[in-house]
Amino acid sequence: MAELIVKNTNLHPATEQMRLLADRFTSIMDQMQGAVSEHRDAPGNDETGERFREQHDPAARDMFAALQGYSGAVASTAGRMDDLGKLLANTEDTAGEQAARIAKSGN
């Protein structure tokens, strides 16, 4: 049987790093969306500009959706890691209480 050892004290810093990563992706996405919006008319409003936008806009939307999805997934993982840390701490507390009751009843 495999043994899994998780140091609960290491989960909190890792969770915070995951949250920072998610925030960073959100920030990058916001900056990119701002730049795209700011330069929306750069290709012009003529036929060539419209064709450019027809080619560019779907890919840009897909890229922003992918970044948003990635950021959300990383944030969700951080939340689950936080939940895991709480669960492990609770399990340790419960095991300690049970061990104390067993030791007390054996005396």
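None of the values given here were measured: they were computed from a predicted structure. No hydrogens, no waters, no symmetry mates; every other heavy atom, side chains included, goes into these values.
- Considering only residues two or more places apart in sequence or on other chains, Ser37 meets the side-chain contact (heavy atoms from CB on, under 4.5 Å) condition with none of them.
- Side-chain atoms of Ser27 do not come within 3.5 Å of backbone N or O of Asp23 as any donor-acceptor pair.
- Taking the side chain as every heavy atom from C-beta outward, Thr94 and Gln98 approach each other to under 4.5 Å.
- The structure places CD1 of Ile28 at 10.5 Å from OH of Tyr70, a figure rounded to the nearest 0.5 Å.
- We find the CG-OG distance between Asp30 and Ser71 to be 9.0 Å, quoted to the nearest 0.5 Å.
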(message) Let's go through Arg19 and Glu16 carefully: what are the C-alpha distance in whole Å and the side-chain angles of both, what is the deciding distance for salt bridge (charged side-chain N to carboxylate O under 4.0 Å, His left out) to 0.1 Å, and is it a yes or a no?
(response) CA-CA 5 Å; Arg19 284 196 177 99; Glu16 289 305 311; 3.3 Å; yes

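- The cluster map of Ile, Leu, Val, Met, Phe, Trp and Tyr, joined by side-chain heavy atoms under 4.5 Å apart, puts Phe25 and Met63 in the same cluster.
- Residues passing the side-chain contact (heavy atoms from CB on, under 4.5 Å) test with Ala66, sequence neighbours excluded: none.
- For the atom pair CG of Leu20 and CZ of Arg24, the computed distance is 11.0 Å after rounding to the nearest 0.5 Å.
- For Arg53, the salt bridge (Lys or Arg N to Asp or Glu O under 4.0 Å) criterion is met by Glu50, not counting sequence neighbours.
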Solution key, residues 76-88 side-chain donor-acceptor pairs under 3.5 Å, sequence neighbours excluded:
{"unit_1": "Ser76", "atom_1": "OG", "unit_2": "Arg80", "atom_2": "NH1", "d": "2.8"}
{"unit_1": "Thr77", "atom_1": "OG1", "unit_2": "Ala73", "atom_2": "O", "d": "2.9"}

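- Partners of Gln68 by side-chain contact (heavy atoms from CB on, under 4.5 Å), not counting sequence neighbours, listed by chain and number: Met29.
- In terms of the side chain to side chain donor-acceptor pair (under 3.5 Å) criterion, Gln17 has no residue partners (sequence neighbours excluded).
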(message) Please evaluate residues Met32 and Leu67 with respect to the criterion side chain to side chain contact (heavy atoms under 4.5 Å, CB included), reporting the C-alpha separation (whole Å), side-chain torsions for both, the decisive distance (0.1 Å), and the verdict.
(response) CA-CA 11 Å; Met32 290 173 65; Leu67 283 172; 4.1 Å; yes

